[in-house]
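Remember, it's 1-based here, ligands and their atoms both numbered in the order they're listed. Only heavy atoms go into these numbers, but all of them, side chains included; no hydrogens, no water, no symmetry mates.
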Amino acid sequence: MLSFNENLQGKVAVVTGGGGVLCGEMARELAQHGVKVAVLSRKQENAQGVVDEITAQGGKAIAVACDVLSKESIEEADRQIREHYDGYDILINGAGGNHPDAATSEEHFHSESLDNDGIKTFFDLTEEGLKHVFHLNYIGTVLSTQVFMKSMLHRESPVVINISSMSAPSPMTKVLSYSSAKAGIDNFTQWLAVHMAKENVRCNAIAPGFFLTSQNRNMLLDENGAYTDRSNKIIGQTPMERLGNAEDLLGTLVWLSDHKMSGFVTGVTVPVDGGFMAYSGV
Ligand code: NAD
């Protein structure tokens, strides 16, 4: 835990994808600073695990099921949270992830792979797969913001924190729809910051580099738990020569959440990436 930040005490945060690795860590960190946290996850039990850890440490949190692909589900989650809290100060849009149906199996296309059933090319990506990943990462963030922000407008210093990716400024190979959606997140972050500025709502994003979590475990580790070629390539392109740990995100999270520290910061995406974005590779 970072040193206690009394500015955050008593605030209320809603964290989508809060049952996951990165946003679960964010939820736990906010709770340590006295923030009351609504931990949202598609599956209630995943959120409940994080809530149990928070309450065991003396923090306050509730677990709510919420599928960000469904506006009805988000509205139902909002209704349930408002039975406990009368508004929100911090919204973290963390739900996201990848799916093989929206990714090619090879980094580069070669025409002979058109005759190879074992290779998924750009031409094989299905409309359903592309839409699913785009909706999860982009539309899910926009819909969640529409619903939850209404209960933030009356607060003194509301803040939205989106979760972007290194795939936004320059797309990662293979993961087409994810990259497009995360680029959309950076754009939405700027759009919303401008749109909401007169209401004093700040909107920023955190762009993690590469962190080992549930959604990318198969991409980063082989069946023996060793780094894949892709992981070694990532680490080779990361000047700090390692993957990130969830705790690496927490300082940026607290800084962006605290109006006294970042009250004039809005519309930015902060990379937390060990220098990946800055490195040209030579
Ligand atoms: P994770 O798989 O541990 O967490 C993702 C969470 O999103 C899970 O709890 C999952 O259940 C939830 N989710 C998936 N579909 C959902 C839906 N329809 N409705 C609600 N929740 C849903 O992975 P993570 O790496 O902790 O991901 C958190 C965020 O960080 C994601 O937005 C991800 O894209 C982003 N990110 C991760 C990395 C990384 O290296 N791990 C890098 C950059 C960005």
Side-chain angles (χ1 to χ4, degrees), residues 14-29 38-51 63-78 91-99 102-103 131-144 147-148 161-172 175 177-186 188-189 205-221 230-231 234-235 237-238 242-250 252-253 269-274 276-277:
V14 176
V15 184
T16 74
V21 176
L22 300 185
C23 294
E25 189 68 17
M26 291 187 193
R28 284 188 286 270
E29 179 67 20
V39 181
L40 275 51
S41 208
R42 203 173 19 161
K43 294 187 188 138
Q44 167 103 19
E45 60 266 29
N46 291 347
Q48 191 60 52
V50 174
V51 166
V64 181
C66 175
D67 179 354
V68 300
L69 291 168
S70 152
K71 195 159 183 183
E72 276 173 24
S73 170
I74 304 168
E75 284 169 343
E76 173 57 22
D78 178 53
L91 168 62
I92 299 176
N93 282 312
N98 248 309
H99 195 279
K131 276 184 180 164
H132 172 74
V133 171
F134 193 83
H135 283 193
L136 170 58
N137 290 282
Y138 180 81
I139 303 288
T141 291
V142 176
L143 294 181
S144 300
V147 172
F148 295 123
I161 300 174
N162 294 325
I163 306 299
S164 177
S165 160
M166 277 304 109
S167 228
S170 116
M172 269 192 288
V175 290
S177 211
Y178 181 79
S179 302
S180 308
K182 291 296 190 186
I185 289 297
D186 285 3
F188 175 57
T189 299
I206 299 175
F210 297 86
F211 294 65
L212 185 60
T213 63
S214 337
Q215 55 118 356
N216 60 14
R217 183 163 295 273
N218 292 340
M219 184 184 85
L220 296 177
L221 298 183
R230 195 160 167 96
S231 303
I234 288 165
I235 293 168
Q237 292 282 332
T238 303
R242 66 171 175 89
L243 299 177
N245 302 311
E247 307 87 70
D248 289 322
L249 300 171
L250 302 179
T252 307
L253 168 74
T269 297
V270 183
V272 181
D273 67 345
F276 181 90
M277 197 171 91

Under 3.5 Å: N/O of N46 near N/O of ligand 1: no
Sub-4.0 Å heavy-atom contact, A207 with ligand 1: no
Non-hydrogen atom of K43 closer than 4.0 Å to ligand 1: no
Least distance between heavy atoms, I185 atom then I163 atom: CG2-O, 4.0 Å
Min N/O separation M166 to ligand 1 under 3.5 Å: no
Y178: numbered ligand 1 atoms lying under 4.0 Å from its heavy atoms: 33 (C), 34 (O), 35 (C), 36 (N), 43 (C), 44 (C)
For A95, the ligand 1 atoms whose distance to one of its heavy atoms is below 4.0 Å: 7 (O), 20 (C), 21 (N), 22 (C), 32 (O)
Electrostatic pair R242-D248, nearest N-O below 4.0 angstrom: yes
For a quick test of your reading: what N or O donor-acceptor pairs under 3.5 Å do the side chains of residues 164-172 make, sequence neighbours left out?
{"residue": "S164", "atom": "OG", "partner": "D186", "partner atom": "OD1", "Å": "2.6"}
{"residue": "S165", "atom": "OG", "partner": "S167", "partner atom": "N", "Å": "2.8"}
{"residue": "S167", "atom": "OG", "partner": "M172", "partner atom": "N", "Å": "3.0"}
{"residue": "S167", "atom": "OG", "partner": "S179", "partner atom": "OG", "Å": "2.7"}

Sub-4.0 Å heavy-atom contact, S164 with ligand 1: yes
Per-atom contacts of ligand 1 with L69, taking only distances under 4.0 Å to non-hydrogen atoms: 18 (N)
Minimal non-hydrogen separation, N162 against N93, with atom names: OD1-ND2, 2.9 Å
Best match, S214, C66, G209, G19: closest heavy atom to atom 42 (C) of ligand 1: G209
I163, any N or O under 3.5 Å of ligand 1 N or O: no
F210 contact mode with ligand 1 (heavy-atom cut-off under 4.0 Å): backbone
Nearest heavy atoms of T238 and G274, plus distance in Å: CG2-O, 3.6 Å
Sub-3.5 Å N/O-N/O distance, V68 and ligand 1: yes
Nitrogen or oxygen atoms of L22 and ligand 1 under 3.5 Å apart: yes
Neighbour count above 12 (heavy atom, 6.0 Å) for E45 CD: yes
